[in-house]
Each structure stands twice: as structure tokens, then as C-alpha cells.
Amino acid sequence: MTIRVLIFGSLARELSCKDIVIEVSESATVSDVNHALAAKHPLNAAFFQSARLAVNHAFAAPNSPVQHDDEVALIEFVGGG
Amino acid sequence: MTIRVLIFGSLARELSCKDIVIEVSESATVSDVNHALAAKHPLNAAFFQSARLAVNHAFAAPNSPVQHDDEVALIEFVGGG
Amino acid sequence: MSVLVRISQGALLSDRLRHIPSVAPVLQQVGATLVFEGIVRATELGRAIRALSYEAYEPMASNTLTELARDILCKHALIAITVEHSRGEVAAGERSFRLAIESAHRKEALAAMDEFIDRMKRDVPIWKSAIYI
Amino acid sequence: MSVLVRISQGALLSDRLRHIPSVAPVLQQVGATLVFEGIVRATELGRAIRALSYEAYEPMASNTLTELARDILCKHALIAITVEHSRGEVAAGERSFRLAIESAHRKEALAAMDEFIDRMKRDVPIWKSAIYI
């Protein structure tokens, strides 16, 4: 299935886009999404491999399942205040 | 010479007075004032022996001299705020 | 024992959002009020800026701030927490963040404020970018 | 880089004493404002109180507060410190103390505030006594 991972801040500016689209299996977990992001961006594989992902607006554990209609977002380099 | 040591707060309330009058020699130091206070209040000798004294509105070291017209104050149990 | 969180467009007003518990027995225990305001400085990494632009991923940003405030309130036994954060552009010299804590004593308010801001900067999905002159 | 200290009769006003440096290049470096207010709680050691009465040994109290503020300002590289303290009676629920710190960043403001209040409670000749109901 296709997952659109939302990205923000300096990462979005650096990649000049608002999301990263990846393909994962129907039984994918959050960890599989991280793997797919790392595979798509091999120069920053270590970052994407460990980047925190939120599923439907809450941080999600690596073994959480991901559904095709979930909203997935990469939450790194935050800095409010 | 006679020295009038100003006291405040709970100490003043406990002793029901605003100062403690003591006698010291003409060449007295701050430490001598502490000794004289302790001698006058033997039940609280340890407290008076080490109590911080201000001379003319500044904390004074034990070996500082004390003159007969100095304003001496005992600064303990403070608690502003 | 109450928490209020608001993310609003543009610079914060100079007056803080009032949010004192109205229950008299609780109110009477407030012995300390601590307010932190974050202000946009005129330079970023040595370059002059006109403003910062804040992007909040909502509703996660508000939800995460609220959960964080509740957690800090309980952990430090506070009386109230009020959080205000800007989204969008905030000009240099203007306020973008305000955290107000009411508590019985000073020590827990200071500890709570430090922990809140550290965790906010790590966990709350708000990003800022400089708009240079 | 400035310090303002005021000890005044009765409860503090709800608005803080404004004391922002007027020099633009300094003002533009203010990234954090931290304000602490001490409020008289309605009980002291479990007994209901009507007010606290503050006695300040002047001019030593003002002098010591000013020296303390200057020392903390330099040590933590702050931009401004404003200290307000009451003398005389302050009713329960009213403010008796306010410390406002302007600095470039948050960490030094929090550290400075904690150290200031600890040292004030140890060194500044101000005493308080409870007036019970």
C-alpha cells in the first residue's frame, strides 16, 4: 500500500516537499515505514531509520500497525517557544 | 563602651524587645560583640556566638572593629519574598 | 488543578490569558506565580531577521501540549498551568510563547517550567523558520 | 544591563514595574522574560491568616537587594533585573514580591531566578510575621 508521510520544518525545506510517499506491505508497522523512508533516502538512512513517527496525531511505537488511511507524520527537529 | 544591637523578626518577638544592649571594650571587634551577646543570653549562647552582624548596614567580618557610634544589627531568621 | 492550552495566529497579546482556578480553597493555596515569555530576537545565528514563522501540526500540537501540561501539573503538584503559543509569523521583539504556572511554592514552579520547556522543544510538533530581512 | 530595586508600602500593584533597557541593540537581544510573583497564602503552618507583615531594615535591605541583583546579573549575563518587595502588611491573596528577569535565553533566566531567591532569603534583612484571623 502507499503511505504519504508528512514532513515539516527544516526537513521539508531541505527536501523542497511536504511529504514523502513510500510503498509498504499491507501488514506494515511503523518500523517498516522507517525502513522504507531510509531506503528512499540512503544518504540520510540513519536519520530516517530512527526518526519519530506519529500515526493519526499521536507518537507511535515501532511495532504499531499502519493502515492505508492513517495519517503518518515525521516529527523531528521541532523547536517551539 | 555601650553597644545597642538591633534585633528583628521572631527574635525580637521572642525577647519582646527591639535591641540588646551590651558592654564591650573600646577596642572591640564584631567577634567581641558576638561574645558579649552570648554571655548575656547563655541559654542561646551558640546562636549568638555565630549570629551574623551588620555594622552600619553592611555585613561585617568577625575581626572588623566596632566604634561607639556604629549602628550594629543582628541579621538572622530573615525570609523575604 | 487545571490546564489551559491555546495556539493562536500571530504574536501573543501583551496581557497573559487569565486562568486562575475559581475554587476559593484552591486559590488560597497559590503562593507562587511564575510566567515565562519567549520573545523573537532580532538575530538568528548572527543574521538579522524580520520575523519567525511557526508551523504547528494540528491537532497533534495542541493535544501534545495539553498532555504535557497535565503530566507536569500532576508530577509537580501544581495548581494551574496556562500555555499560549503562536502559529504563523511573529515579528522580532514580539512574544511567541507564554507559560504561566501557579503553585503553592516557588521550587516546584521553577522545576516544572524548566522540564515543561525542555519536553516541549523535544516532543511538541511546532517548527520555526527565520524570515530574514 | 540594568538593575532596579524598589521596596514599597503594602501589597504590590498587579502590573509589574516596567524596566526594559531603552538601548535598542540590547533590547533586541531579549529572548526570554521570566517573572516570579510571591503571593501571601491564606494559611501559615496550617492556621488561617489575614495577612503577613513585612519588616525591612533599611537602607540595608535595599542595598543588599541591589548588590545581589547586580551580582546575579553579571554572573548569568542577564539583560535586566527588576525587584519589587513589600513592607508592612500584605493581605492573603495579595502580592508581596516580584522578580522580573530579561535575558537572551531561558536557561540563564531560570538559574538566576532560583539563585536570587535563595540568596535573598538568606541575606536580605526582611522579616515577615503572620497576622492571624
Student: Table please: side-chain donor-acceptor pairs of residues 126-133 of chain C below 3.5 Å, with sequence neighbours left out.
Tutor:
{"unit_1": "W127(C)", "atom_1": "NE1", "unit_2": "E76(A)", "atom_2": "O", "d": "2.7"}

Student: Residues two or more places apart in sequence or in another chain: which of them pass ring pair (Phe, Tyr, Trp, His ring centres under 6.0 Å) with Y54(C)?
Tutor: H85(C)

Student: Give the minimum heavy-atom separation between P125(C) and V78(A), together with the two atoms involved.
Tutor: CA-CG1, 3.8 Å

Student: For A12(A), is it the side chain, the backbone, both, or neither that has a heavy atom closer than 4.5 Å to a heavy atom of chain C?
Tutor: neither

Student: Distance from E55(C) atom CD to K18(A) atom NZ, nearest 0.5 Å?
Tutor: 4.0 Å

Student: May I ask you to check whether over 12 heavy atoms, not counting those of R70(C), lie within 6.0 Å of atom CZ?
Tutor: no

Student: Among residues 2-11 of chain A, which residues come closer than 4.5 Å to chain C, judged by heavy atom distances?
Tutor: L6(A), F8(A), G9(A)

Student: Against chain A, label E37(C) side chain, backbone, both or neither, depending on which of its atoms sit under 4.5 Å from a heavy atom there.
Tutor: neither

Student: Mark yes when over 12 heavy atoms from residues, nucleotides or ligands other than E14(A) sit less than 6.0 Å from its CD; otherwise mark no.
Tutor: no

Student: Any side-chain to backbone donor/acceptor pair from K121(C) onto G80(A)? Under 3.5 Å, distance only.
Tutor: yes

Student: Distance-only criterion, 3.5 Å: show the donor-acceptor pairs between side-chain atoms of residues 37-46 of chain A and protein atoms not counting sequence neighbours.
Tutor:
{"unit_1": "K40(A)", "atom_1": "NZ", "unit_2": "V21(A)", "atom_2": "O", "d": "2.6"}

Student: Name the member of L52(C), L65(C), D123(C), I117(C) that forms the most heavy-atom pairs with chain A at distances under 4.5 Å.
Tutor: D123(C)

